[in-house]
Amino acid sequence: MSENETNAIFFALLSAFFAALTTIFAKIGVEAINSNLATAIRTVVILIMIWGWVIAKGQLDTLLTISPKTLLFLVFSGISTGLSWLFYFRALQVGKASLVAPLDKSSLLLVLIFSLLFLKEPLTLQVILGTGLILTGTLVLIR
C-alpha cells in the first residue's frame, strides 16, 4: 500500500468518526428548533472554523490562483453539500439517527455510479462487493 493510500484511509477514518459524532450531535441539536435554522447555525460554525484553519495554515494567498473550472465545481459541491445538509437535518429531526444515517450512506451507490460515468474510475470486483455489502447492511438496518 502506498503512502498516499495509507493517508487516504487514515483521513477517511477520521472523517467517518467525525461524521458519526455529527449525526449524534445534530440529532440532539435539532430536537427543539427548526432544522433549517439548525443547519444555518452549523454552517456558520463550519465557515468560521475552516476559514480560520486556512488563515492559520497560511493558505489564503492561493485563493486568487484558483481556476474558473475548479471554482465552478467547488461551487457545485457547495450547493450539493448545502442541500444534503438541509435534507439530512430535516430527516434527523423527524426520524431516528439509526435509520437516517444508513440511508444517507446509501449515497455510496451513487458515488460508485457517478465515479464511473464522470471520473472514469475503474469498476473492480472489490468496489462492487464492498458497495454491495454496504448497501445490503443499509437495507438490513432500515427494515
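Not measured: the values here are computed from a predicted model.
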field: Within one Ile-Leu-Val-Met-Phe-Trp-Tyr cluster: L21 and I24, side-chain cutoff 4.5 Å
entry: no
- request: Kindly compute the distance separating CG (L60) from CH2 (W51), expressed to the nearest 0.5 Å.
  value: 6.0 Å
message: Please give me the minimum heavy-atom distance between S106 and T138, naming the atom from each residue.
response: CB-CG2, 4.5 Å
query: Yes or no on side-chain contact (heavy atoms from CB on, under 4.5 Å) for F89 and N36, after CA distance, side-chain angles and deciding distance?
result: CA-CA 7 Å; F89 268 50; N36 296 330; over 6 Å; no
- prompt: Are I33 and I41 side-chain neighbours, meaning at least one heavy-atom pair lies under 4.5 Å?
  reply: yes
field: In one Ile/Leu/Val/Met/Phe/Trp/Tyr side-chain cluster, 4.5 Å: L117, L110
entry: yes
- prompt: Nearest 0.5 Å, what's the CD-CG distance between E31 and L92?
  reply: 10.5 Å
message: Side chains of Y88 and T39: any donor to acceptor distance under 3.5 Å?
response: no
Separation between CD1 of I113 and OG of S107, rounded to the nearest 0.5 Å: 11.5 Å
query: Taking S2 for the side chain and E5 for the main chain, is one N or O donor matched with an acceptor at less than 3.5 Å?
result: yes
query: Does V75 belong to the same Ile/Leu/Val/Met/Phe/Trp/Tyr cluster as L83, with side-chain heavy atoms less than 4.5 Å apart forming each link?
result: yes
field: Side-chain heavy atoms of P68 within contact of L71, under 4.5 Å
entry: no
statement: With sequence neighbours left out, the residues meeting ring pair (Phe, Tyr, Trp, His ring centres under 6.0 Å) with F10 are none
- prompt: Is L119 reachable from V111 through a run of hydrophobic residues whose side-chain heavy atoms are each under 4.5 Å from the next?
  reply: no
- line: For F25, the ring pair (Phe, Tyr, Trp, His ring centres under 6.0 Å) test, sequence neighbours excluded, returns none
statement: Rounded to the nearest 0.5 Å, the OG atom of S84 sits from the CD1 atom of I79 at a distance of 13.5 Å
- request: Classify the side-chain pair S77/S80 by whether it contains a donor and acceptor separated by less than 3.5 Å.
  value: no
task: Heavy atoms only: give me the nearest A91-V100 pair and the separation to one decimal.
output: O-CG2, 3.4 Å
- prompt: Should the ring pair F118 and F114 be called parallel, tilted or perpendicular, given that the plane angle runs from 0 to 90° and is split at 30 and 60?
  reply: tilted
task: Please test V45 against I48 for side-chain contact (heavy atoms from CB on, under 4.5 Å), starting from the C-alpha separation and ending with a verdict.
output: CA-CA 5 Å; V45 171; I48 293 168; over 6 Å; no
message: Could you check whether any side-chain N or O of S15 sits under 3.5 Å from a backbone N or O of F11, counting only pairs where one atom can act as donor and the other as acceptor?
response: no
task: Mind running side-chain contact (heavy atoms from CB on, under 4.5 Å) on R42 and T22 for me, showing each step along the way?
output: CA-CA 10 Å; R42 174 187 181 202; T22 297; 3.3 Å; yes
- prompt: Can you tell me how far OG of S35 sits from CH2 of W85, rounded to the nearest 0.5 angstrom?
  reply: 14.5 Å
message: Please evaluate residues L112 and E121 with respect to the criterion side-chain contact (heavy atoms from CB on, under 4.5 Å), reporting the C-alpha separation (whole Å), side-chain torsions for both, the decisive distance (0.1 Å), and the verdict.
response: CA-CA 9 Å; L112 173 70; E121 291 184 359; over 6 Å; no
Residue pair P102 / A97: nearest heavy atoms and the distance that separates them: CD-O, 3.9 Å
message: Do M1 and I9 make a side-chain contact, defined as non-hydrogen atoms from C-beta onward lying under 4.5 Å apart?
response: yes
task: To the nearest 0.5 Å, tell me how far L109 CG sits from L135 CG.
output: 5.0 Å
message: Can you tell me if Q59 has over 12 outside heavy atoms packed within less than 6.0 Å of its CD?
response: yes
Which atom of K27 lies closest to which atom of Q93, heavy atoms considered: NZ-O, 4.1 Å
Passing candidate, side-chain contact (heavy atoms from CB on, under 4.5 Å) with T131, options V127, L133, I128, L129: V127
